[in-house]
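Quick notes on the structure that follows.
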2 protein chains.
Amino acid sequence: MNRRPTIMDVAARAGVSKSTVSLVLQGSRQVRDETRAAVEKAMGEIGYIYNRAAANLRSSSVGLVGLVINDLRNPFFTEFATSLQMALAAEGYATVIANSDEDVELQAKLVGSMIEHGVSAMVISPAYGEARDTFDQLARRGLPVMQVLRQGDERTDLFPFSSFDYATGSARATQHLLQKGAQNVAFVGGLPGRAITRERKSGWREVLRKEGLEQVALHGKSSRAFGMEMAETLIAEHPEIDAAVCFNDLVALGLIAGFARAGRPVGTEFRVVGFDDIEEAAQSWPQLSSVSCDIAQFAQDTATRLLAWMVEGKRPEPEMRMPVRLIARTSSTGEAT
Amino acid sequence: MNRRPTIMDVAARAGVSKSTVSLVLQGSRQVRDETRAAVEKAMGEIGYIYNRAAANLRSSSVGLVGLVINDLRNPFFTEFATSLQMALAAEGYATVIANSDEDVELQAKLVGSMIEHGVSAMVISPAYGEARDTFDQLARRGLPVMQVLRQGDERTDLFPFSSFDYATGSARATQHLLQKGAQNVAFVGGLPGRAITRERKSGWREVLRKEGLEQVALHGKSSRAFGMEMAETLIAEHPEIDAAVCFNDLVALGLIAGFARAGRPVGTEFRVVGFDDIEEAAQSWPQLSSVSCDIAQFAQDTATRLLAWMVEGKRPEPEMRMPVRLIARTSSTGEAT
DNA sequence: AATAGCTATTGGATCGTTCCAAATCCAGCC
DNA sequence: GGCTGGATTTGGAACGATCCAATAGCTATT
């Protein structure tokens, strides 16, 4: 016989009952140390492998957390995904990472597949678009589901939402640029009409409004390519603009690349602040000033709150904002660091 | 009663037997259309959700593929992971992505957890370090396992290995730099003693040897930060060097940033070629020349070969090399594109 | 009308765990 | 020696699907 060994085989070998083996597997404290040792020895000898499917079937709790990310190629999200996976792994939970690639259809499939696989909770950074059905399905299953970094469903009582305090961040960035001597600060990037764009823009807008300054905003896909393109636009059509708060670091880096290409240095005659403080920000030149979002800490927090919900039933508050911090570097100060 | 509905409930509602429901679930062609419709209607009405754990228990084949990546933060790997996930999804397989973060212990845990969850195959880009036990475990289970992009175990008959033809790529890059007028070409990045470093270096070495040129290689962690640091080293200690083939694009971008910081433009007096052609290469300034590895195509290929193995039992050849292509851009030609 | 040969449907056994209530063990005490 | 009570151990039922062999329903053929 060459089938995969089961607890029965282990039990036979160790001279105990299958129930005892099961207890050992679950790390129960009520089995005698010698018994446990014997069972573990037997497991090693016959090369036993735990069958989670069977266990799940009976106990219907899987120690599996689903994570659906709208854009795993974005380093910001990658960092979040890996940090969350590690935080959950430390508590004995496995994480299934999936990338919806900003496609609500695919997202629905992924969520469905995860539910079928019996995840016991879910963390989702939703794709843009209508996903009411997907969330309804989640609600029906009664799973703990947290929305992070983006809000895809307004029912935050059902699906608590947590993110960063972007508004304050963009206000700080704008003040910083003005203080450094900038006269006209543009906002670059972010797709119009989206909540996250509104938030990252709102602080900038408030500050400019108070100062009575004109507001120039260039919206578009938040990529490096868009930033590069906008450099040309700014130079050609808005020569008065001498600083920019960017939707994210990718746009900011693209903008800087665009200015470099046009032979215009960034840091003194043109100042830039990005958003997210991705690793690259400190390692490009000029080094990029950025509103830092401590994503590893955020992931850790998310894990903690999710576990409290799963294990103790303590549902997180409907909305949480993590504070952000402005990191001033060469691209806004002109000074080497 | 408020438990999750089962196929029995569906069967009762639809007035058929559980077996019929099971057949519908499996998309069998042998149930009558009206019957299928009735069953599907019933499923919709009572909100039935498929329980994969139960199905797996009986059928022991899960449609789940495990993917373990040594560094998911690296955009090259992220791209591979997402592309593979999509290619497999198209064939009805779900992919579990996990990040070992270059830690063999964690890698062992992840592999173990995936086996427990009953993955039916595995794709792994191994972490550096001794992982014999992990591979042994995989071998015992008899799972189809493919090593990609990195070889962690020498038994390629058991664990077929596929990657890119790096040696040819670095030879081309070096020839290209010499042809553009470079006199002394350094190699920057890559941890010494590793197979992938050897490969990416070998083409460069061969070309320089044939030309009778001196070989300067600066090894280290292949990150942006290292590249930046090496810019200073090159300027201070190797002023004769006027071009570099870099281990990867991150190092190349760091190197360029470092030269920019020192006020030395890259493209004419100093030329750089990277490796991987990540998205950013075309969107930085100067645009980065790079040895392009079509990772999406590679992922697609990997999926195809893996499926042939899983489904038809056709084991892939032990070693496969995908051709690469040199993309010349500003950083090596000095010309804007 | 009986038979054969399909197609469509079905009941029971089964997968490998966990859960539960009951049984067993064992030291301490009267 | 019998009894008590906590610590260990145990057998059988259950989880929810699939698989398999058997059955029922049809049509076409003899």
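Just so we're on the same page: letters track the sequence lines, and every chain starts at 1. Fair warning: this is a prediction, and the values are worked out from it, not measured in the lab.
- The distance between atom CG of A/Leu25 and atom P of C/dC19, rounded to the nearest whole Å, is 12 Å.
- As rounded to whole Å, 15 Å separates atom C1' of C/dT17 from atom CD1 of A/Ile49.
- Salt-bridge annotation for A/Glu45 and A/Lys41: present, with a side-chain N of the basic residue lying under 4.0 Å from a carboxylate O of the acidic one.
- For B/Leu57 and B/Arg36, each mapped to the nucleotide of DNA chain C holding its nearest heavy atom, the one lying further toward the 5' end belongs to B/Arg36.
- By the 4.0 Å N-to-carboxylate-O rule, A/Glu312 lies close enough to A/Lys314 to be salt-bridged with it.
- Summarising the geometry, the separation between OH on B/Tyr50 and P on D/dG16 is reported as 14 Å, rounded to the nearest angstrom.
- For the OP1/OP2 pair of C/dC19 and a distance below 4.0 Å, the side-chain nitrogens and oxygens of A/Gln26 include at least one atom meeting the criterion.
- A donor-acceptor pair under 3.5 Å is absent between the side-chain atoms of A/Ser100 and the main chain of A/Ala127, judged by distance alone.
- The residue from B/Leu25, B/Val21, B/Asp9 that alone fulfils the side chain to side chain contact (heavy atoms under 4.5 Å, CB included) condition with B/Tyr48 is B/Leu25.
- Around atom CD of B/Glu105, no more than 12 heavy atoms belonging to other residues, nucleotides or ligands sit under 6.0 Å away.
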Toss me the dot-bracket line for DNA chain D: Watson-Crick and G-U wobble, both under 3.5 Å, 5' to 3', using | for pairs to another strand and [ ] for crossers.
||||||||||||||||||||||||||||||

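- Dense packing is recorded around CD of A/Gln137, with more than 12 heavy atoms of other residues, nucleotides or ligands lying under 6.0 Å away.
- Separating the CZ atom of A/Arg4 from the C1' atom of C/dT17 is a distance of 12 Å, rounded to the nearest angstrom.
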What does the B/S/- profile of nucleotides 4-14 of chain D look like, 5' to 3', with a 4.0 Å heavy-atom cutoff to protein?
----BBBBBBB

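- Checked by atom type and distance alone, the side chain of B/Gln26 pairs as donor or acceptor with a backbone atom of B/Ser22 at under 3.5 Å.
- Taking atom CG on A/Asn56 and atom P on C/dT18, their separation rounds to 9 Å, with Å as the unit.
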Could you go through the side-chain contact (heavy atoms from CB on, under 4.5 Å) check for B/Phe80 and B/Val148 one step at a time?
CA-CA 10 Å; B/Phe80 174 72; B/Val148 293; 3.8 Å; yes

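- A search for salt bridge (charged side-chain N to carboxylate O under 4.0 Å, His left out) contacts involving B/Arg73 returns A/Glu79, B/Asp101, not counting sequence neighbours.
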Base versus backbone protein contacts along nucleotides 21-28 of chain D [heavy-atom cut-off under 4.0 Å; B, S, -]:
--------

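- Residue A/Ala54 is classed as a base contact, given a heavy-atom separation below 4.0 Å to a base.
- With hydrogens and angles disregarded, no donor-acceptor distance shorter than 3.5 Å links the side chain of A/Asp153 to the backbone of A/Phe135.
- Put simply, the side chain of B/Arg155 never gets that close to the backbone of B/Pro160: no donor and acceptor are under 3.5 Å apart.
- Partners of A/Arg321 according to the salt bridge (charged side-chain N to carboxylate O under 4.0 Å, His left out) rule, which considers only residues two or more places apart in sequence or in another chain, are A/Glu199, A/Glu319.
- Of all the residues in residues 109-118 of chain A, not one reaches under 4.0 Å from DNA chain D with any non-hydrogen atom.
- Side-chain atoms of A/Ser28 never come within 3.5 Å of backbone atoms of A/Val24 as a donor-acceptor pair (strictly under, hydrogens ignored).
- Looking at every heavy atom in both residues, B/Phe298 comes nearest to B/Ser162 through CZ-O, 3.4 Å.
- Atoms CG (A/Asn51) and C1' (D/dG16) sit 14 Å apart, rounded to a whole Å.
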